[in-house]
Structures are given as structure tokens and as C-alpha cells.
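Comments concern the structure below.
Throughout, protein chains are lettered first and strands after them, A, B, ... in sequence-line order, and every chain is numbered starting at 1.
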There are 2 protein chains.
Amino acid sequence: MHLEAAATSAVKAGPTLIAFPPGLAVGPAVAQIATPMPHKKAAGEILFSEGEDAESVYEVTGGMLRLYKLLPDGRRQITGFATAGHLLGLAPEGICVYTAEALTEVTLRRYKRAAVERLIDEVPGFARRMLAATSQELRAAQDQMLLLGRKSASEKVASFLVMIAEQQARSGEDELDLPMTRSDIADYLGLTIETVSRTLSKLKQAGLIALPTAVRIEILDRDRLEDMAAGDELSC
Amino acid sequence: MHLEAAATSAVKAGPTLIAFPPGLAVGPAVAQIATPMPHKKAAGEILFSEGEDAESVYEVTGGMLRLYKLLPDGRRQITGFATAGHLLGLAPEGICVYTAEALTEVTLRRYKRAAVERLIDEVPGFARRMLAATSQELRAAQDQMLLLGRKSASEKVASFLVMIAEQQARSGEDELDLPMTRSDIADYLGLTIETVSRTLSKLKQAGLIALPTAVRIEILDRDRLEDMAAGDELSC
DNA sequence: CGAATGGTTGACGCTTCTCAAACTACGTGG
DNA sequence: CCACGTAGTTTGAGAAGCGTCAACCATTCG
């Protein structure tokens with residue numbers, strides 16, 4: 001019942017999380033096997049931490065989380081932002097490989113991991129759908145590797161803006177709300193806060209975007225931004 | 001028959017490819033449904049290219065390939081190295097998302113993609129195994145994101161050496177053969193050839209490794225190398 | 001109003017990149 | 001067998017992009 005809803009929601013939102021591609025339905029058997037527990041987390045709360053036992057699988061129904069890994073000295077790499085429709089905590093070895101932290105208030109449905117595993121084994125086609133979703137995440141992760149390893153700061157920020165724009169493609173609006181801070185963007189792109197801020201200022205000066213407020217971004221020249229994101233020189 | 005062999009081979013080798021975790025067996029139905037075509041590629045040959053239709057799925061049985069994505073101006077990010085046991089070309093949308101190129105001579109088994117898809121649908125447990133393998137790759141991809149976004153050159157090279165060492169863990173040998181060039185290593189770690197070379201020289205000077213020849217590396221202090229790879233300061 | 005959090009901007013420095021030259025290994029052909 | 005060419009590697013000098021440190025500004029909240 002609930003997982004079906006997720007199955008029809010949008011895909012993309014960055015790498016490292018499981019999302020159900022659109023057009024997939026799970027089937028009526030689901031709710032009987034895996035009964036969801038409604039959940040809510042306030043901004044800043046941690047859903048689960050890297051290294052913990054993964055006892056539950058969470059389905060995001062609202063809000064946004066950041067998913068990240070840490071180095072011993074505190075350096076952080078955000079591997080993705082999870083939004084409605086994403087499934088978190090499906091670690092195959094039963095251990096969380098990243099931390100999930102609420103960025104806004106977040107609503108979730110919690111499933112017992114064992115129940116989801118049973119679904120995978122027993123509901124025909126369910127494993128296949130999970131496989132498709134996971135493959136999609138893997139593809140996104142590979143794009144992110146290209147970004148982190150080979151793109152300049154301008155190209156990274158442009159890529160980020162294009163990604164957010166695609167995600168918030170509701171109506172024809174070219175105004176974006178950023179739920180995350182500069183620090184989150186920096187840790188997602190492998191940059192520092194200052195470089196993100198400076199790069200946004202440069203894009204603003206170049207007339208590609210406008211910044212009414214810090215968390216609000218208007219895209220003025222989508223085409224050039226996409227060219228820049230793709231690495232088509234003219235990076236500035 | 002053949003896929004079972006793969007199912008019992010080692011996992012790790014870097015992100016972005018599908019490998020069968022050890023201890024998984026596919027079952028005797030496989031060979032009947034998806035008959036493999038033996039294949040061979042010489043070093044330098046391209047198996048498939050980014051953007052192409054993914055018509056076949058390849059199972060690597062010997063040798064090594066590099067998997068990479070390109071930016072329009074030629075910048076390259078290697079997302080992983082594929083070795084025996086890895087499955088390539090399982091793009092869910094039917095389009096290759098990276099290029100696979102033989103690094104050494106490579107032996108492969110080719111399956112029709114449609115046949116593998118049928119396997120996924122019809123052989124109980126097969127989709128589940130593919131899901132486990134793909135999740136494992138996703139985990140590795142996340143590790144690589146942390147490396148690319150937040151590790152220093154020394155930490156990157158140390159991580160690479162530890163990875164290769166784990167992969168070539170045959171016997172107690174601490175001598176490694178590198179099938180790839182400095183250029184490949186650089187494009188895997190998000191560095192340049194020169195930085196890789198200089199970093200290896202520094203590690204040699206620090207007594208952590210020895211370099212009998214360019215393609216041969218002896219690990220002298222595994223512990224410190226692993227500390228460095230994990231980001232435990234003392235980076236040098 | 002003042003503190004706190006987050007964002008912007010500037011000056012400076014360091015890590016890594018770029019450009020260039022020299023060295024090594026290896027295979028080919030004279 | 002050795003000169004030569006080629007591809008790959010190493011090393012150096014200099015440049016640049018991004019990080020670090022620091023000050024200042026904006027917004028929110030008690």
C-alpha cells in the first residue's frame with residue numbers, strides 16, 4: 001500500500017540512495033508483509049549513523065536528509081540528498097555505510113529490515129524493482145565521481161544547480177529553494193564553503209543566476225548553466 | 001554453469017561494476033536460459049562505449065578492464081577496474097553509462113541482455129543476488145566519492161595501493177603488479193600523472209613502499225599505509 | 001538589543017596542476 | 001648487437017586554483 005505510492009514517485013535526486021523509478025508498482029501483498037511505522041524527525045536529528053547495525057529500512061515521504069561519510073578527522077563527504085520516495089538503510093551486510101541526518105523536518109515510514117528482506121525473497125518482481133532502483137543510484141554515483149574527480153569548482157556548482165533545478169521541476173518555475181546550507185553544498189561537491197560562495201557570486205556576476213536571498217536561487221540562463229555543468233569549456 | 005563460477009569468486013576491486021559476492025550460487029537453470037558466448041579482447045580494445053545501446057552483458061573471466069566516463073574536452077574519470085568475476089553492461093535503461101576498455105588481454109563470456117533479464121525475472125533468487133552485488137558496488141562507489149572529494153593526494157594513493165593489495169591477496173606476497181599505467185591511476189584518483197608519480201616517490205622515500213620497477217610495488221609498511229588511506233593524519 | 005548562526009569577501013599560502021626536460025624500458029630494424 | 005624510436009615514468013620549475021584564516025555582513029531568535 002505505502003511502498004506502491006513510493007513506486008510511482010520521481011527518481012532523481014543525487015546518488016547513494018535507493019529511489020523507486022516511476023512507473024513501478026509493488027503490488028497489494030506488500031502492506032501485509034511489511035507493516036510500516038510512521039515516523040518523524042526534526043531538522044538536525046540523525047536517523048542512523050555509519051557503522052551502526054541497519055535494523056530498519058526507511059522510506060522518505062517528506063522533507064530532505066543529507067547522507068554522508070566521515071573521515072576520522074571530521075572531513076565530510078555528502079554522498080547524496082534524500083527526498084520523498086527514497087529508501088534508506090538497505091545495507092546488504094546489515095551495517096549502515098553512511099549517516100543519514102535530517103536537513104529539514106522529515107516524515108518517514110519505517111519497516112523492519114527482515115520484513116523487507118522477506119519481501120525481496122517472496123514477492124515476485126520486488127527484487128527486480130529494487131535492482132533497477134539500485135542500478136539507477138549506481139549510475140548517479142558514477143556521475144558524481146566524474147564531478148568530484150574531474151570538474152572545476154564552477155562546473156561543480158553549475159552541475160549542482162542543474163540537479164536541484166531538475167529536482168524542483170514543479171511547474172515552469174526557475175526559482176529554486178535550497179534546503180541545505182553552503183556547508184552541505186561544499187561537502188557534496190568536494191569544495192569549501194568559501195569556494196561555493198565565491199563561485200555563486202561569479203555566476204551571479206556573469207548573469208547566469210540571481211540570488212534574491214541566500215537560500216533562494218533564480219536561474220537566468222539555463223542553457224549556459226547546463227553547458228558549464230557538462231564541462232563544455234567557457235567555464236569562467 | 002558459468003555464472004555459478006563467477007558467483008563464488010572474489011568481490012572487491014573498486015566501484016561501478018557488478019561483481020558476485022562470494023558464496024552465492026546461481027543454480028543449474030542458468031546455462032539453459034542464457035548461453036554464454038566466449039570472447040576475447042586484446043589490450044586497448046574497447047568492449048563498449050558510453051552512450052551505446054547495451055545489447056550484451058559481459059562476465060569477465062580473466063584480465064582487467066578500465067571503466068570510465070569522459071567530459072567533452074577529454075577529461076577522464078575512471079570509475080573502476082573490472083577483473084575476473086565482474087559483470088559489465090547491466091544498464092537498466094539499456095544504454096551504457098561508461099566505456100569499458102581492455103587494459104590487458106581480457107577473456108569474457110557474453111550473454112544477450114534479454115536473456116539475463118529473463119533470468120532475473122524467472123530464476124528465483126537471481127534478482128536478489130544481483131541486488132546484493134549491485135548494492136555492494138554502490139557501497140564501493142560511495143567510498144570512492146569520499147576519496148575523490150575529501151582525501152589528499154597521499155591519502156588517495158595510499159588508498160589505491162591498499163585496494164590493489166587486497167585484490168592481489170594471493171598468498172602472503174606483499175609485492176604487487178600494476179596492470180595499469182600512471183595515467184590510469186591518476187584518472188582513477190582524480191589526480192595527474194605527475195602527482196601520482198611524485199606521491200609514489202614520497203612514499204618510497206618514507207620507507208612505506210619499494211618500487212623495483214615502475215609496474216611493480218612492494219609494500220613495506222602495510223599498517224602505516226592503511227592508516228594513511230583511512231585519513232589518520234601523519235599524511236607526510 | 002545582543003547573541004548566534006550562516007553567508008560573503010579579502011589576503012595569503014599551499015597543494016596540486018601545467019609545462020618542460022631528462023630518464024628508463026622495450027621493441028624494431030639496420 | 002647496438003642505434004634508434006616510442007611509450008611510459010620521473011623530476012624540476014613555475015603557475016594557478018582552491019583552501020585557510022580572518023574580518024565583516026545579514027538574518028533570526030530569544
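- Atom-to-atom, CZ of Arg182(A) to C1' of dT9(C) comes out at 14 Å; the value is rounded to the nearest Å.
- When rounded to the nearest whole Å, the span between CD1 of Ile193(B) and P of dA21(C) equals 17 Å.
- Protein atom CG of Asp187(B) is 11 Å distant from nucleotide atom P of dC17(C), rounded to whole Å.
- Between Ser197(A) and Arg150(A), the residue anchored closer to the 5' end of DNA chain C is Ser197(A), taking for each the nucleotide with the nearest heavy atom.
- Below the 3.5 angstrom threshold, one finds a donor paired with an acceptor across the side chain of Arg198(B) and the base of dG12(D).
- Residue contacts shown for Leu191(B) are limited to sugar-phosphate atoms, with no base heavy atom under 4.0 Å away.
- A salt bridge links Arg222(B) with Glu226(B): at least one charged nitrogen is closer than 4.0 Å to a carboxylate oxygen.
- Remark: Thr181(A) is not in phosphate contact with dG6(C), judged by side-chain N or O atoms under 4.0 Å from OP1 or OP2.
- Here dT27(D) presents its C1' atom at 16 Å from CZ of Arg216(A), a figure rounded to the nearest Å.
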Take Tyr188(B) and Val196(B), measure what side-chain contact (heavy atoms from CB on, under 4.5 Å) needs, and give me the verdict at the end. CA-CA 11 Å; Tyr188(B) 181 60; Val196(B) 170; over 6 Å; no
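- Counting any heavy atom pair closer than 4.0 Å across all strands shown, Ser201(B) reaches sugar-phosphate atoms only and no base atom.
- Rounded to whole Å, the distance from CG on Leu200(B) to C1' on dG8(D) is 14 Å.
- What separates CD of Glu194(B) from C1' of dA21(C) is a distance of 12 Å, to the nearest Å.
- Rounded to whole Å, atom C1' of dG7(C) lies 13 Å from atom CG of Asp184(A).
- If you measure from atom CD of Gln205(B) to atom C1' of dT11(D), you get 12 Å, rounded to the nearest angstrom.
- Ring geometry, Tyr58(A) versus Phe48(A): the interplanar angle falls under 30°, so the pair is classed parallel (tilted spans 30 to 60°).
- Distance check: Glu50(B) CD to Glu52(B) CD gives 10.5 Å after rounding to the nearest 0.5 Å.
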